[in-house]
Amino acid sequence: MIATMNDTEAIVTSVKDADLQKIGNKILNNERISFDDGVTLFKKGSLSYLGALANYVREKKHGDKTYFNRNFHIEPTNVCVFSCKFCSYSRLYAHKEEGWELSIDQMLDIVKSYDGKPVTEVHIVGGVHPKMNLVFFIDLLKAIKAHRPELHIKGFTPVELDYMFRKAKVSVEEGMRLTHEAGLDSLPGGGAEIFHPEVRKEICDDKVDAEGWLHIHKAAHDLGMHSNATMLYGHIESFAHRIDHMDRLRNLQDETGGFNTFIPLKFRNKGNDMSHIAESSTIEDMKVYAVARLYLDNFPHIKAYWPMLGRKSAQLTLSFGVNDIDGTIDDTTKIYSMAGSEEQSPTMNTEQLVTLIKQVKRIPVERDTLYNEINVF
Ligand code: V47
Ligand code: SF4
């Protein structure tokens, strides 16, 4: 049953804290909440209050619909010139024999292994290999499109693109035009981490900064492409850093409208240089999803990435603002299993995903990358 304005109004009226009540009334009146409101929600909001507000917004936007898509991943390499402290997945070029690097033919073979299967999207993301350049990736994009033109290619983070464009000595605008023309349809949300320089300096000092990340997404949006945005949370960041991150995204979205989905990514602590930091609790996870739904009023969708969060928590997020749980991924991504996710072998077929969504009384909807509905279950 959909939460009504009256149900939520009763919850807002009964909350004792005056600041929380004011914020609740803004949400009910469809008013944008401020930076300080966002921080207050993290500081003072109870799980049940945040959940009620976020669920109200989620159901106003999407009712019970919960989206997923049929996709697969290609990770061209885990060799990387950068050394982000939270990364369990990459290997430095000096130790490249410990990692993998796929040729265009090997990646095309992965695409071909899905021939005849009803996948709509390939998600391409990996490390930043010093020898895989713009020309290599343009050839890859063209080869995939020549083989299966209707397959949507969502690929490359601004970390990879910034490196490719700088090495090829092309501007961001030119680089985006070239990759788009070669077949790149949209950008995934990775590489954003936490935008604020105080945190970036500590966890991923040497890769593209906030301005560079946002510039590349803006250039993509200006070409009519869509993109996602992530936030890696639950390590050294403060509540204000989280809101600053979302605020920068909300501002760009006001300008371009090109973002589809926001994806909070829970920091996992296995096998990396931040293993001494404890992982966030499930309660904190749900609060992050809820505040994201409330703060990012101009983002159509909030996604929980189940291979990282685990299936049970992903189900729970559907009551905390989330309306998308990504795709039916085969065991083709190693980013999370190597960082200690509960999902060591992330595979779920459509039937399992549909059951997962139905168990929490939501309506499963298969979508394509751009949220065109393919099948309502
Ligand atoms: O940017 C790396 C994250 C991201 C860890 O757009 C970690 O649809 C947690 O962005 N603990 C890449 N997270 C993955 C990504 C993504 C995933 C699914 C869907 C989409 C989409 C995008 O993975 C990186 C980084 O933030 N990451 N290491 C870790 N230890
Ligand atoms: Fe490289 Fe990405 Fe890992 Fe950073 S998170 S070290 S950029 S693969």
Side-chain angles (χ1 to χ4, degrees), residues 67-69 71-73 75-93 95 99-100 121-130 132 152-163 185-195 199-200 203-208 213 217 220 226-235 237 245 259-275 277 279-280 285 299 301-310 314 324-327 329 332-343 346 367 369-371:
Y67 294 96
F68 67 93
N69 72 345
N71 64 0
F72 63 99
H73 284 220
E75 294 175 2
T77 182
N78 68 339
V79 172
C80 190
V81 298
F82 298 117
S83 33
C84 304
K85 288 197 182 134
F86 52 82
C87 184
S88 320
Y89 155 91
S90 67
R91 295 293 175 267
L92 284 171
Y93 188 62
H95 303 284
W100 69 84
E121 173 191 286
V122 54
H123 180 165
I124 306 177
V125 71
V128 178
H129 192 297
M132 289 180 173
H152 183 108
I153 307 182
K154 179 179 80 177
F156 312 122
T157 68
V159 181
E160 297 162 274
L161 294 169
D162 171 68
Y163 189 83
D185 294 301
S186 66
L187 302 186
E193 324 313 356
I194 288 283
F195 286 141
V199 177
R200 231 169 162 79
I203 67 170
C204 54
D205 195 20
D206 48 0
K207 72 183 185 188
V208 70
W213 193 99
H217 277 257
H226 281 83
S227 71
N228 294 337
T230 57
M231 174 176 79
L232 180 72
Y233 71 90
H235 43 90
E237 86 288 358
H245 188 91
F259 287 116
N260 272 338
T261 314
F262 182 66
I263 313 156
L265 295 173
K266 174 192 177 89
F267 165 65
R268 310 301 310 225
N269 68 3
K270 195 172 140 222
N272 55 51
D273 291 343
M274 288 164 56
S275 294
I277 297 173
E279 291 181 357
S280 54
D285 296 336
F299 270 62
H301 307 284
I302 305 289
K303 174 154 90 179
Y305 185 52
W306 67 262
M308 176 267 288
L309 205 56
D324 187 324
I325 52 172
D326 207 79
I329 302 163
T332 46
T333 175
K334 298 198 171 47
I335 298 180
Y336 295 102
S337 50
M338 288 169 81
S341 157
E342 280 116 82
E343 301 290 342
R367 60 161 176 92
T369 312
L370 303 178
Y371 288 84

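Counting convention: from 1, in listed order, for ligands and their atoms alike.
Using a 4.5 Å heavy-atom threshold, the side chains of Leu232 and His235 count as touching. Between His245 and Tyr233, the closest side-chain pair of non-hydrogen atoms is not below 4.5 Å. For the pair Asp326/Asn71, a side-chain contact is recorded, criterion being any heavy-atom separation below 4.5 Å from C-beta on. Between Tyr371 and His301, the closest side-chain pair of non-hydrogen atoms falls below 4.5 Å. When side chains are defined from C-beta on, Met132 counts as touching Pro76, because their heavy atoms get closer than 4.5 Å. Considering only heavy atoms from C-beta on, Thr230 stays 4.5 Å or farther from Thr157 through its side chain. Between Ser90 and Phe82, every side-chain heavy-atom pair lies at or beyond the 4.5 Å cut-off. Here the side chains of Val128 and Val81 are in contact, with some heavy-atom distance below 4.5 Å.
Close to ligand 1: His123, with a non-hydrogen atom less than 4.0 angstrom away. Under a 4.0 Å heavy-atom criterion, Val125 is not in contact with ligand 1. Within the structure, ligand 1 has Lys303 among the residues with a heavy atom less than 4.0 angstrom away.
Ligand 1 places these atoms under 4.0 Å from at least one heavy atom of Ile263: 6 (O), 8 (O), 20 (C), 21 (C). Each of the atoms 9 (C), 11 (N) of ligand 1 lies under 4.0 Å from some heavy atom of Phe267. For ligand 1 and Asn272, the ligand atoms under 4.0 Å from any heavy atom of the residue are 30 (N). Taking a cut-off of under 4.0 Å to the non-hydrogen atoms of Asn228, the atoms of ligand 1 that pass are 6 (O), 8 (O), 21 (C). Annotation for ligand 1: atoms under 4.0 Å from non-hydrogen atoms of Pro188 are 6 (O). Interface atoms of ligand 1 facing Thr230, defined by a heavy-atom separation under 4.0 Å, are 10 (O).
Protein N, O or S atom count below 2.8 Å of atom 4 (Fe) of ligand 2: the structure gives 1.
The heavy atom nearest to atom 24 (C) of ligand 1, considering only Glu193, Lys207, Arg268, is found in Glu193. In this structure, of Gly190, Cys204, Gly271, the residue bringing a heavy atom nearest to atom 15 (C) of ligand 1 is Gly190. Relative to atom 9 (C) of ligand 1, the option among Lys266, Lys270, Met274 with the closest non-hydrogen atom is Lys266.
Contacts between Thr261 and ligand 1 below 4.0 angstrom, taking non-hydrogen atoms only, are absent altogether.
Taking only nitrogen or oxygen atoms, main chain and side chain alike, Gly191 reaches within less than 3.5 Å of ligand 1. Considering backbone and side-chain atoms together, Cys87 places no N or O closer than 3.5 Å to any N or O of ligand 1. Note: an N/O pair closer than 3.5 Å links Phe86 and ligand 1 by distance alone.
Considering every non-hydrogen atom in both His217 and Asn228, the closest pair reads CE1-O, 3.2 Å. Scanning all heavy atoms of the two residues, the minimum distance from His123 to Pro188 falls at NE2-CB, 3.5 Å.
Among residues two or more places apart in sequence or in another chain, the ring-ring contact (aromatic ring centres under 6.0 Å, His included) test is passed with Phe68 by Phe377. Applying the salt bridge (charged side-chain N to carboxylate O under 4.0 Å, His left out) rule to Glu193 yields the partners Lys207; only residues at least two apart in sequence or on another chain are considered. With sequence neighbours excluded, the residues satisfying side-chain hydrogen bond (donor to acceptor under 3.5 Å, both in side chains) with His152 are Ser186.
Proximity of a side-chain donor or acceptor of Arg268 to a complementary backbone N or O of Glu279 within less than 3.5 Å is not detected.
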